[in-house]
Amino acid sequence: MGIELERKPAVEHKLDVFCPFNSVAVTLSGGGFRASAFSLGCLSYLHRIKYENISLLDRVRFVAATSSGAMTGMAFAAHSRLGLPFSKTYDHLRRNVLVGDRIVKEAVSILKDDKEWKKVPTKNRNSINAFALAYQKMIFEDLTFEVFWNNGGRGVEEVCFNASEMENGRAFRFQTDGREDTDEILGDRYLCLKDNNIPAVKKLKLGDILAASSCFPVGFEPMVFPDDFAEDEAHKNDLTANTLKAKSYDWEDYETFTRPFALMDGGITDNQGIESLRLSNASRKARTGSGYDLMLICDAVNYFMEPFEPQKEAENWWNRISLTNIINVHKYSVIVLIISIVMLFMSNELRLATLMAVISGIMFSLFLFVRYELIKKPPIPPPIAGQIPEPESLWNSPIVLFLDFFLQNPLFKTEQMLKVRIRSALRVAMEIYLLQIRRINYDSLYSDVEWAYKTKAVSIYELSKSSENVLQRQFKRKKFSNELIRLLTPSEIMMQVADYARQMSTTLWFSKTDMREGIDSRRDSLIASGQFTMCYNLLEYILQIEDKYPEVQKDEAIQTLKTKILEDWKRFQTDPMFMVESGE
């Protein structure tokens with residue numbers, strides 16, 4: 001059980017007793033292979049460290065994972081429920097899955113293979129479903145969601161894998177605690193399965209759930225529920241019959257929802273799994289009287305953004321060409337048409353004359369059509385007494401007003417305007433928006449006294465060279481002594497590894513360069529970064545609770561744990577990659 005500490009928040013509410021390191025909850029963020037490898041490193045360090053002769057990984061009771069973090073989280077949780085050693089999970093992911101572009105190649109092969117799609121008649125043949133089939137084949141084999149009802153394993157009691165549904169723009173959670181009397185739902189309050197214990201839910205393939213969670217916009221099409229999740233028509237019908245939608249957004253009154261709906265990346269709504277963690281903690285507290293003792297948020301999101309530079313115009317003669325110029329050129333095609341007609345009667349070059357006549361005729365016809373379309377105005381129907389007129393499109397007015405400008409504007413400038421719009425829209429949707437949601441979730445977490453001294457964020461960038469000044473400011477804010485600051489400051493080589501790791505783009509593959517050996521391996525640098533960043537945060541966490549609770553300094557179990565973590569931290573300082581090969 002370990003030492004009990006009584007938290008005394010500044011506000012009035014029921015006192016909460018917690019036992020550090022007794023029951024652990026872990027969330028794994030999205031971020032492509034960057035997140036998968038970083039998460040694997042975080043879990044492997046928890047596996048290495050023992051508290052009261054039980055590894056911290058075996059004390060993990062809840063796993064929430066999003067997008068590609070779910071690749072690691074789902075494999076770990078499934079293997080945990082089956083009682084398989086973590087070393088098997090580590091080796092499988094590092095040596096078979098997180099290797100170059102194997103998954104991409106397998107997905108492309110499946111997409112081209114007619115036989116593969118005959119096996120899954122309800123699935124849409126597209127890239128996201130090809131990845132779903134590749135995930136199932138390469139990571140999970142024959143495992144389905146039912147594995148989380150297996151009572152023969154260790155550790156993990158509840159799982160939650162986040163997707164986002166496009167009906168209401170909310171997190172759609174594939175979650176279960178494996179209990180037949182559970183009050184958990186699969187989905188959200190607006191759109192859900194009425195019972196996540198039914199056989200139809202248990203038959204959901206883990207590869208499909210992972211694909212839905214990692215189905216990021218622009219890169220993939222949406223996953224369609226239930227079509228893309230069903231193994232056959234009967235399974236599809238069972239899922240449809242059990243799908244419910246809240247009537248008029250009333251969470252107490254539901255009706256059967258028979259229409260397919262779209263799911264996309266869980267990172268859109270809850271990339272760090274923070275809301276999932278809050279809900280699970282509240283549910284556990286209501287059921288058992290206490291929440292999780294330590295909650296670790298493993299976050300592979302890189303908040304450093306590249307500068308947004310404006311488009312530069314090149315000085316070329318063709319920059320002055322506009323659509324109006326092109327349209328006007330077509331009107332002179334009537335001259336060519338007349339010449340070609342004369343040639344048909346007066347020249348022996350009949351083929352040339354015929355070709356000129358056809359081309360010039362088409363060009364002149366296009367000119368007349370375009371000019372007509374640009375000047376014509378749609379008729380406005382007369383109003384009918386007592387009847388509300390159809391609303392006019394709000395886009396009609398700006399299109400008409402700006403049309404003449406865009407026709408006369410040089411094509412190159414129009415191209416630049418479109419490029420800037422697309423780049424800025426993608427920057428907002430794929431980076432700024434997600435980072436803002438991330439800040440809001442973290443702010444809501446750390447401003448809640450319910451989570452004080454029980455939560456630690458393990459972020460991919462915090463020990464990087466780019467974040468060195470931020471880290472030093474945090475040391476001063478926490479009033480650490482100079483000796484402690486020297487102890488906790490990462491070494492130059494450690495910061496270099498962390499920087500190399502965090503700079504990876506959000507992709508579902510590693511390049512040949514990323515797969516180099518040793519410290520030059522991006523994959524292994526990411527895993528190592530997860531290992532030593534988790535080590536750092538566990539050490540800092542113990543220092544924090546020692547400062548708040550002096551009795552922790554006298555607790556033998558925690559002090560033994562601290563000594564081991566401190567030994568590892570010093571070893572990481574000189575050799576940040578020492579754990580990567582074995583995972584221990």
Side-chain angles (χ1 to χ4, degrees), residues 7 9-11 13-30 35 39 42 59-67 69-70 73 77 148 156-165 168-179 182-192 196 213 251 265-301 434-459 537 541:
R7 293 193 301 115
V11 298
H13 71 84
K14 183 180 178 181
L15 295 179
D16 186 12
V17 174
F18 74 109
C19 306
F21 305 109
N22 188 49
S23 63
V24 181
V26 173
T27 74
L28 306 174
S29 82
S39 298
C42 290
R59 293 178 177 275
V60 172
R61 300 292 177 258
F62 174 67
V63 174
T66 304
S67 194
F148 300 114
V156 177
E157 297 172 353
E158 182 178 355
V159 296
C160 178
F161 308 113
N162 293 324
S164 301
E165 49 97 344
N168 306 283
R170 297 178 67 89
F172 190 92
R173 299 182 173 92
F174 291 88
Q175 62 184 5
T176 183
D177 53 18
R179 296 184 298 117
T182 184
D183 58 354
E184 301 290 352
I185 60 171
L186 191 150
D188 57 53
R189 291 292 188 91
Y190 297 104
L191 199 57
C192 61
N196 70 0
S213 182
W251 294 350
D265 196 306
I268 298 170
T269 50
D270 190 11
N271 196 39
Q272 283 67 42
I274 291 175
E275 186 61 22
S276 301
L277 181 57
R278 293 172 71 101
L279 293 172
S280 177
N281 187 65
S283 175
R284 180 184 177 88
K285 194 168 184 178
R287 187 175 72 253
T288 67
S290 62
Y292 300 110
D293 297 303
L294 176 60
M295 289 161 275
L296 299 169
I297 302 169
C298 303
D299 191 353
V301 172
L434 294 181
L435 288 176
Q436 183 65 12
I437 293 294
R438 177 181 180 274
R439 292 187 191 100
I440 292 171
N441 283 339
Y442 272 121
D443 287 346
S444 67
L445 187 68
Y446 290 127
S447 63
D448 188 345
V449 294
E450 187 76 12
W451 297 72
Y453 298 99
K454 295 177 69 173
T455 309
K456 209 77 179 77
V458 184
S459 302
N537 278 282
Y541 175 68

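Keep in mind it's a predicted model, so treat the numbers as computed, not measured.
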Mind checking whether [X] and [Y] have side chains closer than 4.5 Å, heavy atoms only?
{"X": "R173", "Y": "S276", "result": "yes"}
{"X": "P20", "Y": "Y541", "result": "yes"}
{"X": "W451", "Y": "I274", "result": "no"}

- Query: Charged N to carboxylate O under 4.0 angstrom, R59 versus D293?
  - Reply: no

- Considering only NZ, NE, NH1 and NH2 on the basic side and carboxylate oxygens on the acidic side, decide whether E158 and R284 come within less than 4.0 Å. no

Find the distance between [atom1] ([X]) and [atom2] ([Y]) and round it off to the nearest 0.5 Å.
{"X": "L28", "Y": "C298", "atom1": "CG", "atom2": "SG", "result": "5.5 Å"}
{"X": "F174", "Y": "F148", "atom1": "CZ", "atom2": "CZ", "result": "12.0 Å"}
{"X": "N537", "Y": "K456", "atom1": "CG", "atom2": "NZ", "result": "4.5 Å"}
{"X": "R287", "Y": "D177", "atom1": "CZ", "atom2": "CG", "result": "5.5 Å"}
{"X": "L294", "Y": "N22", "atom1": "CG", "atom2": "CG", "result": "10.5 Å"}
{"X": "L277", "Y": "T455", "atom1": "CG", "atom2": "OG1", "result": "7.0 Å"}

- Item | Geometric class of the F62/Y292 ring pair [parallel <30°, tilted 30-60°, perpendicular >60°] | parallel

- Item | Heavy-atom donor-acceptor pair, Q175 side chain to I185 backbone, under 3.5 Å | yes

- Message: Donor-acceptor check, side chain of S67 to backbone of D265, threshold 3.5 angstrom: yes or no?
- Response: no

- Output, in order, the C-alpha distance, side-chain angles, deciding distance and verdict of side chain to side chain contact (heavy atoms under 4.5 Å, CB included) for F172 and N162. CA-CA 6 Å; F172 190 92; N162 293 324; over 6 Å; no

Looking at every heavy atom in both [X] and [Y], which two are closest together, and how far apart are they?
{"X": "A70", "Y": "A65", "result": "CA-CB, 3.4 Å"}
{"X": "N281", "Y": "M295", "result": "OD1-SD, 4.1 Å"}
{"X": "V458", "Y": "C42", "result": "CG1-SG, 4.0 Å"}
{"X": "I297", "Y": "Q272", "result": "CG2-O, 4.0 Å"}
{"X": "G273", "Y": "T27", "result": "O-CG2, 3.7 Å"}
{"X": "G30", "Y": "V301", "result": "O-CG2, 4.2 Å"}

- Task: Would you check if there is a donor-acceptor pair between the side chains of T66 and N271 at a distance under 3.5 Å?
- Result: no

